[in-house]
Amino acid sequence: MTVSRFRPRGLIAGRRRRLPRAFKSTLILLCVAPCDRAAPASAQDNVQLGAATGLRLSEEPTLSIGVAAGREEYELFEVSGAARLSDGSIVVYESGAFRVQRFGPDGEHLWSRGKQGEGPGDFQRFAELLVSCASEQSIVIHDQYNRRITVFDGDGELRRAYAFDFQGAQPYDITCSPAGRFVVSGWGKEWPTETGPYHTTADMAFADSSVVTILREDLPGEDRLKTDGGSAPGIWGRKLMFAATGSGIWLGRGDDYEIEFLDWSGTTTGRIRWEGPDLAVTQQHIDAYREDLHDLYSSGMDWGHRVAGDGRDWRVRFEARWERDREALPSAFPAYNELLIAEDGTLWIQDYPRPGESAGWRGFDQTGEWVRSLALPAGARLLDIGADWALVHTRDDLDVERLAVHTLAEN
């Protein structure tokens with residue numbers, strides 16, 4: 001691939017000053033529209049008072065997919081992503097089944113494609129549906145282990161399968177703009193020799209066809225934990241997050257309640273700042289984490305996987321895990337956890353979920369104003385959203401997965 005570089009300006013400068021407590025639940029917008037870069041930031045402040053409109057899911061879904069037992073295509077297995085297309089149909093990728101499926105607006109199964117493998121149309125671990133550029137004409141899957149982009153048309157016919165990498169490896173994270181431009185980040189450049197917490201730096205770029213343009217170099221990346229056996233994401237760790245629009249990228253790491261907007265030259269043209277809950281980790285949070293870990297191991301799980309055998313040694317494994325984890329717990333939570341661009345252009349930002357607490361979503365319109373808030377039931381995961389609907393994933397008490405479209409109602 002051809003690689004070019006911009007000389008970026010307005011680089012993130014680490015942790016920023018917290019807003020005064022008097023500004024709680026307010027928003028500060030800094031030149032989200034193109035602005036005079038010579039003007040001081042304070043001259044661009046626009047403090048917006050008043051609460052955003054609170055939203056909730058309708059009591060009953062307008063569409064539901066997923067069964068405990070029945071036709072195999074309706075038994076969902078590890079849904080990693082799903083999108084609602086403009087005709088109301090649903091396309092979903094299941095990482096456990098290595099398949100992409102499409103269901104009609106009435107929930108009728110239309111087609112399934114894919115299996116585990118290396119051939120065209122096959123998938124490996126950590127493949128993902130690129131929700132933000134899914135359409136009735138083009139369904140795009142990024143297959144990390146096969147280092148490949150796979151494109152199906154709306155009828156499930158394989159149109160393209162081509163190699164895709166960044167800096168000689170699969171991208172660490174990837175998204176796309178509504179027009180199909182890929183935005184990627186690389187793997188962390190650090191590999192510490194000592195065990196314990198550390199954080200990475202990574203480059204970010206966008207790709208048009210075979211041309212890759214570097215937008216930012218050495219961005220603060222993910223908080224990670226070096227162990228004797230390798231490396232894993234840090235507990236309650238911050239990470240590089242981005243969401244692409246037609247005119248640029250929303251970029252943040254959750255260091256504080258702030259996110260910036262980059263145009264396609266890598267220049268910061270706007271920021272949103274808001275006040276949220278105190279980020280400090282309390283003893284109550286630590287106790288809740290330990291209790292969750294205890295329940296996980298006592299149920300027969302270990303590192304997210306079911307353990308074979310009778311599980312009588314679960315307490316030993318739990319204590320070993322807890323001893324390791326408690327030394328790595330940070331003193332502060334990230335400010336937010338996920339970014340999502342809605343069908344109508346709204347930027348949705350998920351508050352970081354703390355142990356024992358539910359995390360809501362904040363919706364900012366295209367001027368940067370906080371206009372909507374969405375509360376989800378415990379265990380519900382937001383996958384796609386529009387102006388008046390939301391697509392969520394849930395698991396019931398029997399671990400049966402379901403996708404549901406709900407209308408959005410005001411509280």
E78 vs R395, salt bridge (Lys or Arg N to Asp or Glu O under 4.0 Å): CA-CA, chis, key distance, verdict: CA-CA 10 Å; E78 299 295 343; R395 293 176 183 265; 3.1 Å; yes

Option passing side chain to side chain donor-acceptor pair (under 3.5 Å) with K189 (candidates T201, T200, D218): D218

Does the [X] side chain pair with the main chain of [Y], one donor and one acceptor, at a distance under 3.5 Å?
X    : Y    : result
D351 : R362 : no
D256 : E258 : no
E136 : D87  : yes
H406 : S58  : yes
D173 : S185 : no
Y289 : R326 : no
Q101 : E73  : yes
R216 : G266 : yes
W314 : H294 : no

Cationic tip of R181 above F206 ring, under 6.0 Å, 45° of axis: yes

Can you find a pair of side-chain heavy atoms, one from [X] and one from [Y], that are under 4.5 Å apart?
X    : Y    : result
F166 : D203 : yes
N337 : K239 : yes
L391 : V405 : yes
V184 : V212 : no
P61  : R402 : no
E401 : H393 : yes
L403 : L383 : yes
F123 : T150 : yes

Return the orientation label for the Y336 and W274 ring planes: parallel under 30°, perpendicular over 60°, tilted otherwise. tilted

How are the rings of Y74 and F103 set relative to one another: parallel (under 30°), tilted (30 to 60°) or perpendicular (over 60°)?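 Taking F103 first and then Y74, their aromatic rings sit tilted (interplane angle of 30° to 60°).
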
Would you indicate whether [X], at its atom [atom1], is surrounded by more than 12 heavy atoms from other residues, nucleotides or ligands within a distance under 6.0 Å?
X    : atom1 : result
Q284 : CD    : no
Q283 : CD    : yes
E323 : CD    : yes

Only pairs at least two apart or in different chains count here, so list each ring pair (Phe, Tyr, Trp, His ring centres under 6.0 Å) that has a residue in residues 181-202.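 Every ring pair (Phe, Tyr, Trp, His ring centres under 6.0 Å) pair that includes a residue of residues 181-202, provided the two are not neighbours, is F164-F182, Y172-W187.
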
What is the minimum heavy-atom distance between [X] and [Y], and which atoms define it?
X    : Y    : value
S247 : F261 : OG-CZ, 3.6 Å
R147 : Q170 : NE-OE1, 3.5 Å
R125 : Y145 : O-CD1, 3.6 Å
I341 : A244 : CG1-O, 3.8 Å
H142 : P171 : NE2-CD, 3.7 Å
R290 : W322 : NE-NE1, 3.3 Å

Return the [atom1] to [atom2] distance between [X] and [Y], rounded to the nearest 0.5 Å.
X    : Y    : atom1 : atom2 : result
L279 : W236 : CG    : CH2   : 13.0 Å
T213 : L215 : OG1   : CG    : 7.0 Å
L340 : M241 : CG    : CE    : 13.0 Å

Residues R253, D223; criterion salt bridge (Lys or Arg N to Asp or Glu O under 4.0 Å); working and verdict: CA-CA 10 Å; R253 187 171 175 262; D223 292 337; 2.7 Å; yes

Stepwise side chain to side chain donor-acceptor pair (under 3.5 Å) test for R160 and S138: CA-CA 10 Å; R160 295 185 67 195; S138 180; over 6 Å; no

Please test R99 against S112 for side chain to side chain donor-acceptor pair (under 3.5 Å), starting from the C-alpha separation and ending with a verdict. CA-CA 7 Å; R99 68 182 176 185; S112 302; 5.0 Å; no

Would you please name every residue forming a side-chain contact (heavy atoms from CB on, under 4.5 Å) with R372, sequence neighbours left out?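 Per chain and number, R372 pairs via side-chain contact (heavy atoms from CB on, under 4.5 Å) with L55, W348, L408.
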
All pairs passing salt bridge (charged side-chain N to carboxylate O under 4.0 Å, His left out) where residues 110-123 contributes a residue, at least two apart: R113-E157, K115-D122

With salt bridge (Lys or Arg N to Asp or Glu O under 4.0 Å) as the criterion, how do R159 and D153 come out once you've worked through the C-alpha distance, each side chain's angles and the decisive distance to 0.1 Å? CA-CA 6 Å; R159 292 306 183 194; D153 67 16; 2.8 Å; yes

